[in-house]
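Here the structure is a predicted model, which is why all the values come from computation and not from measurement.
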Amino acid sequence: MKLPITLHNYKAKFTALLYYEEQEHIELLKKKCNGSFVLQKCKPPVLKGDEKSYPPHFYCLQGMSSAQIMYATRANSIGVQSCLIVNTTFNVNHHYFDGLNDCIKRISSKVLRRLIPTPDDFKSAPRDIAIDIRRKLCRGIDLDPEQIQALEAILSNQCSAPVLVPGAFGCGKTRLLAVATECFFREHRETGHRSPCRVLICCHHQHSADFFMENYFSKTLSHFWPVKVLCVMNSQYHIDFSNVIEATDFDISLYRRETAFLLVTTFRGALTISRKKVDPDFFTHILIDEGAQTCEPEALSPLLMANKNTRIVIAGNHQQVGPQLLVLGKAPQQFGLCVSLLQRLLEKYKSIGDITKKNTPSWNINYRSQADLLELPSKLFYNSELRACGTVSCHPKAPYPYVFICSSFTNDIPVDAQCALEADRLLQAVQLYSDKFKSWELKDTCIMTPNLKQANLIKELIRTKFKNLEGVNVITTYEMKGQEYCMLFMSTVESLEPNGRPFDPLKSFCNPALFNRAITRSKSLVVAVGNPLILLLSEATMDNLKWCWREFISRCLRNETFKSTPSDRAQFEQCDNTADVMKLFQKNSYSQNHFTKPSPLSQAPALTTPSKMHSAQQSSEPSLVTLPSVSCHSAQDRKQPYSQVNQDLPFLNEALSQPQLDVLPSPQEKEKQLTSSPHQTKIYQSPTKQQPHVFSQHPVKQQHCPANEQEQHFKIEQQYAYADKQEKSNQQKIAQEKKGHITDSLPPSKQAGTDNPSTPPKLSSSIKLKGNTVFTKKSASQNKVPISQALKKSVSMQSFKDHDHCPINEELLAATLTPSNYKEKFHQLLCREEDEHERFLRDRCDGFYDLKLSSVNLCMIKHIEKYQEKYKLFCTISNTQLDADAIAYAMQASESIVVLHLSTGDMQANILEAKNKSSLYFLLGLTTYPGVKLEPNVSVTFILKYSYFDRLHRALDSLPLAVLNRLMPSNPCHFSNVVLNNEDIPLPIKCVRDIVKLEYSQRMALKSIMSCEANKAPVLIVGSFGTGKTQLIARAAYEILQQDRTSKVLICAHHQHSADTFMANYFSEMIDSGWYCGKVVRLMANRDYCAPSNCVKYYATIQDWQFKKLNQISIIVTTFSTSLHMLGVVPKDFFTHILLDEGAQTREPESIAPLCLADDNTQIVIAGDHKQVGPSLLVLGELAIKNGLSLSLLERLHILYNDERLTDASSVHSATLLTNFRCHHAILSLPSYLFYDSVLITAAEAVTHLHPEAKYPLHFICSDLSVAKEISTNDNEIEVTILLQEISNYVESWPDQWGEMDLSKICVMTVTAHQKIRVIQKLSHHYLDIDVRTVFDIQ
């Protein structure tokens, strides 16, 4: 099953997959439906059709839920009561699997050969079309130019491979196949061919086959041409037009003499017909519609009647419901059964190349949906490529085609009551929108629900209470088979598992593919009714998560079509993210008991439509809040009237006198209205990759400040937000005016550098997940009060920068990267990211702090003397909201400089230390202190680490053009024209042999390094963790110097620790063992750096004596950022080789910093692993991410080298390491499966001894499942206690195979700095030497 599909294993592989899939269906049916039920005899239901085919006695199975009935029968109820005929247990539909196995068994090898194409199958030239294909059909069917091209591809194709027609919903695939059929028969008639023309059209659903007949073929062909038209249907399926027979009654002998014959059927019908001794050459054309909606074995059924000359066309949309949802077994999903025939062939054609394009016509136009309605599925599923070309009218009472009606925000309502409540609200909405648009008939309206019981309830209410709605279609999601409607109403209530997952995910609206299928059935209006909390929670449990409901509800909020009550809205406001939704879900015990618990129908509360946004600000006590917000104002106080739609809803009238809810401003008021923080001004923008979602934001706590002071700062905040918005266009001009302008108390210096200046600012307290940033609960931004516009002018950020800030050039940002725009584009990207870091630091750390005078004695002892000489005054700043995570972020992202906005004026101070254990504060040092004293509520501004961006801009400016051209290879001549021989690399000298010994794949990579020409593109070494990349680079430096003693090697890494590894583990040991290579220098940024004790003598700064005698140096080891210190000191032609380690872990402008020291003849080697933490996680800002800054230099080159134009030439410049020397094979198997396509292998030298307490090396210990505390809490004492107990167990049973116990070899890792402190405090009493880190400390 693991093997790729070939002609030889095709049948065996799919037979095995079908077997495992059938077994999975058997087990799942037992699990969901088998049980003890009451079987009662009942009266027969109202039957349709031939009643003789039914058994004489009927029984009802009492006690089954509607979800179980739907799953067991896969059919709709008949009448009001659902009846089920059973024996004792439920049996899987084995006939279905028997049919699929029959298709696999009977498919001919000649047809199968056409379904596994090769490049030779596409070399046939297209034939000439003998007719005018632009002539309209007799009934006026016409095609657009894009469809004409697809029609030409179908008619002119002479290749043996099928023609594929992929297309989104509503793009006219069915119409295209109908026109192609007409052209086949017209060409046959006008050219006078003696051979017959027989066409088979096959669909997945019977409804789709009916659509062909009713709209195209039932009258046209049979009336205007002598074409025999026949529709073959499944048994017991009824239709109103003639020329229809059942598949079991089909007799091929009646049609053998027909020379113009058209048969329309389904896949199952085709399988039945194929068993009627139909000759393989009977049909000349086979057209398959909906070819992506079923598994490949089922799609083979019409091809059982094909041969090597049959012209085959397959059309479909693989973004909607298909086998990826219907296939249940793990092995069948993993090994290909979940991929449709159309999707597999599309992938195969793409791998073959451009020669297949003539066989895959496609277009992005849509004729079905209204333009605004089309935007949502286009964005979620089709890369925003769909274009609306139809003339579908909008609903006159719907300002936006998506409407969400909240049925409730609580989850303590039993499902029976929730169903009744939701059904009543939904039908009122149907009544409203139907009454307002009389031009649409009721048959053009559809009500859809995933719940069979809900569908029955809605039908009953229509029959008894809403009689004027008789004629509206009410269907379940399982009955959705390609229909189209003008209006769609979705009732989302359904049965859930205890964990919130839908009982049957295949029928749930939370399933992305089914959601796409559902909303695209509508042409003009989609109205959803449900509980948004439950929808968001259920959506989070789904596989292939796309957050469809989150996007749906967000759009309704922005366009004022979200209808809810103020009380419901207040509960919804408390849910900041999915974790909060789950907490509320569990808190109210929405458990399985509610699924069957009956309850009387409760009165439906009133709904309102938000008309504007209004912050809950009071003049005496303003608070900083984030969306969604609630304001309590009477209806007469509002500036704008409510939407007429809401006033017409019957259940809204009672709400007009109640306090109403505001969510978003009208377009006219957006400019007039000012929010309470710059954070809120961004809420009106569409959700982007970097903006917190409207459901993911956290409320900001109230600051306890004097009322008059708060009012003053509130006004300042408004001015600041307004000024930012108005002055954004001339930002560069303002920056130039501010340059060099600062008060006398703020000297423009950056003398207080950080301990690790090479480390870039990054978000130590946020987690990026699916493009959103989820903030921790205790955020320092909660006490943030921005500085005024006047202060902003006095504290010029330009005074802390050495680079100019580029204005936005969107055309340049979107341009393809070339050597001519390389530097300018990356300057742009860095400025955009700098803006985002600046904003995030301001929101995260700036605010009011209490300032207290302090002493230098709070510093670490080793710093006291230095600080006493440098600073005149020491003080601390702190507030009640400060936590360890805010401190960690401030120390990482800031320049260790703050500006204190004192009552006497602005004052610059340097952050010396931050205490984050027993007490939380920043210790500041001031060089001058006029008027500084104890002062509460001092506004503090943290200065971003601009020095980091200064270095990156400097690196871009210093990069030689010759080196830049080598980083942008575009043709094979940029690579070495060498062939690697089979000779192995000679062994190193005996004294260093064990230190730099390599295995086979490392030696092959080393051969590439030593063989490639120096003036060509870089050599890439791509390898996962633990594959010996660092060891390989050390060995490469050894081989380079052994080959030529005059060579000069520069080795750079991203982290200081990695650079130290080269010295401590390799070069110092090699030199101590007797290897002489000239001087080896480990360049550090300043003398404060703490070097490893065994190699201190190799460490030096750029001012030390070693750099006065450059010719004596053979190897320099440093970091990317520190390498810039050598500019102007080391000549650009000094280094013969530059070797970069961790080349995938940082932004490209930082990776090129060492290359500023290269010239035309410097060989460049870049090693790294782009599957681990890199710039994709560190880079902030949508513009920077979208336009290339989140791609590392290694990853960009790796993608470029694998381009089909360069892949052969670049093969010698790229090597991949797969052998892991670090992990036990059981540990390695998990990341290998998740991230490396299961290709990693364990070396013999890797750890093989498990801990005696561990039967398996991966453990998960559950700390708490209760809901007594917040799920997102950082202060989890229970978890720390359990952790200490587990550590004690493992330490006490330290295995002898691991050697002497060394606690420093144990690491405890946490997500937050706050939890790290808790762990350190616990371990300090017992295991002080254990290393404790956060996930952001890993290097």
Side-chain angles (χ1 to χ4, degrees), residues 980-1012 1019 1021-1053 1057-1082 1092-1095 1097-1098 1112-1117 1136-1142 1163 1165 1167 1215-1223 1240-1249 1297-1300 1302 1305:
L980 300 182
N981 55 43
N982 295 324
E983 296 181 6
D984 204 350
I985 295 289
L987 292 174
I989 59 176
K990 187 174 182 180
C991 64
V992 301
R993 189 171 299 171
D994 293 336
I995 302 174
V996 289
K997 181 181 179 181
L998 303 180
E999 56 88 34
Y1000 178 77
S1001 63
Q1002 291 174 306
R1003 295 197 299 273
M1004 294 300 101
L1006 179 59
K1007 188 180 294 186
S1008 294
I1009 295 174
M1010 303 303 296
S1011 301
C1012 289
V1019 176
I1021 308 298
V1022 180
S1024 71
F1025 63 98
T1027 52
K1029 299 183 294 296
T1030 301
Q1031 185 181 29
L1032 172 61
I1033 290 177
R1035 173 68 179 273
Y1038 164 84
E1039 293 290 344
I1040 291 167
L1041 292 174
Q1042 287 294 103
Q1043 191 177 77
D1044 183 358
R1045 291 286 183 179
T1046 63
S1047 296
K1048 308 296 182 182
V1049 181
L1050 172 63
I1051 298 177
C1052 288
H1057 173 78
S1058 302
D1060 293 340
T1061 300
F1062 279 104
M1063 298 305 304
N1065 295 357
Y1066 297 104
F1067 295 129
S1068 65
E1069 291 192 9
M1070 292 165 66
I1071 294 173
D1072 292 343
S1073 299
W1075 177 57
Y1076 176 76
C1077 63
K1079 289 189 179 295
V1080 178
V1081 177
R1082 166 68 169 93
S1093 57
N1094 63 331
C1095 50
K1097 60 184 178 180
Y1098 300 106
Q1112 298 180 10
I1113 300 177
S1114 296
I1115 299 176
I1116 296 178
V1117 181
T1136 59
H1137 297 76
I1138 296 180
L1139 314 180
L1140 306 184
D1141 196 10
E1142 301 179 325
Q1163 184 174 4
V1165 179
T1216 303
L1217 304 179
L1218 301 176
T1219 305
N1220 186 282
F1221 301 90
R1222 181 185 302 170
C1223 297
L1240 301 186
I1241 56 178
T1242 305
E1245 303 93 319
V1247 176
T1248 56
H1249 299 288
Q1297 296 90 337
W1298 291 3
E1300 186 179 353
D1302 184 359
K1305 300 298 183 181

Note, [X] side chain near [Y] side chain (heavy atom, < 4.5 Å):
{"X": "Ser1068", "Y": "Asn1094", "result": "yes"}
{"X": "Cys1012", "Y": "Ile1009", "result": "no"}
{"X": "Met1010", "Y": "Ile1040", "result": "yes"}

(request) Applying side chain to side chain contact (heavy atoms under 4.5 Å, CB included) between Tyr1066 and each of Ile1071, Ile1033, Val996, Val1117, report the one that passes. (result) Val996
Could you state the interatomic distance from [atom1] ([X]) to [atom2] ([Y]), rounded to the nearest 0.5 Å?
{"X": "Phe1067", "Y": "Ser1114", "atom1": "CZ", "atom2": "OG", "result": "10.5 Å"}
{"X": "Ser1024", "Y": "Leu1240", "atom1": "OG", "atom2": "CG", "result": "4.0 Å"}
{"X": "Ile1241", "Y": "Leu1218", "atom1": "CD1", "atom2": "CG", "result": "6.5 Å"}
{"X": "Leu1139", "Y": "Ile1021", "atom1": "CG", "atom2": "CD1", "result": "10.0 Å"}
{"X": "Leu1041", "Y": "His1137", "atom1": "CG", "atom2": "NE2", "result": "9.0 Å"}
{"X": "Thr1219", "Y": "Leu998", "atom1": "OG1", "atom2": "CG", "result": "11.5 Å"}

(message) Go through it in stages, so that I can follow the logic: the residues are Ser1073 and Ile995, the test is side-chain contact (heavy atoms from CB on, under 4.5 Å), and I'd like the CA-CA distance, side-chain angles, deciding distance and then a yes or no.
(response) CA-CA 10 Å; Ser1073 299; Ile995 302 174; 3.8 Å; yes
(request) Under the side chain to side chain contact (heavy atoms under 4.5 Å, CB included) rule, collect the residues that match up with Ile989, sequence neighbours excluded. (result) Cys991, Val992, Tyr1038, Gln1042, Trp1075
(request) Please list, chain by chain and in numerical order, all residues satisfying side chain to side chain contact (heavy atoms under 4.5 Å, CB included) with Tyr1000, sequence neighbours excluded. (result) Arg1003, Met1004
Looking at residues at least two apart in the chain, or sitting in another chain, which of them share a side-chain hydrogen bond (donor to acceptor under 3.5 Å, both in side chains) with [X]?
{"X": "Thr1046", "value": "Asp1044"}
{"X": "Asp994", "value": "none"}
{"X": "Arg993", "value": "none"}
{"X": "Ser1047", "value": "none"}

(request) Mark yes or no for whether Lys1048, through its side chain, and Ile1115, through its backbone, hold a donor-acceptor pair below 3.5 Å. (result) no
(request) Please check if the side chain of Gln1163 supplies one atom and the backbone of Ile1138 the other of a donor-acceptor pair under 3.5 Å. (result) no
Which heavy atom of [X] sits nearest to which heavy atom of [Y], and what is that distance?
{"X": "Cys1223", "Y": "Phe1025", "answer": "SG-CE1, 3.5 Å"}
{"X": "Ala1215", "Y": "Ala1005", "answer": "CB-CB, 3.6 Å"}
{"X": "Ser1008", "Y": "Val1019", "answer": "O-CG2, 4.3 Å"}
{"X": "Arg1222", "Y": "Gly1026", "answer": "NH2-N, 3.4 Å"}
{"X": "Gln1031", "Y": "Lys997", "answer": "NE2-O, 3.0 Å"}

(request) May I have all residue pairs that pass salt bridge (charged side-chain N to carboxylate O under 4.0 Å, His left out) and include part of residues 1030-1040, sequence neighbours excluded? (result) Arg1035-Glu1039
(message) Strictly by salt bridge (charged side-chain N to carboxylate O under 4.0 Å, His left out), give each pair with a member in residues 1066-1082 just once, sequence neighbours left out.
(response) Asp1060-Arg1082
(message) Please evaluate residues Leu1032 and Leu1217 with respect to the criterion side-chain contact (heavy atoms from CB on, under 4.5 Å), reporting the C-alpha separation (whole Å), side-chain torsions for both, the decisive distance (0.1 Å), and the verdict.
(response) CA-CA 10 Å; Leu1032 172 61; Leu1217 304 179; 4.2 Å; yes
(message) When you compare the side chains of Asn1220 and Thr1027, does any donor N or O come within less than 3.5 Å of an acceptor on the partner?
(response) no
(request) Starting from the C-alpha separation in whole Å, work towards a yes-or-no answer on side-chain contact (heavy atoms from CB on, under 4.5 Å) for Gln1002 and Phe1221. (result) CA-CA 12 Å; Gln1002 291 174 306; Phe1221 301 90; 3.7 Å; yes
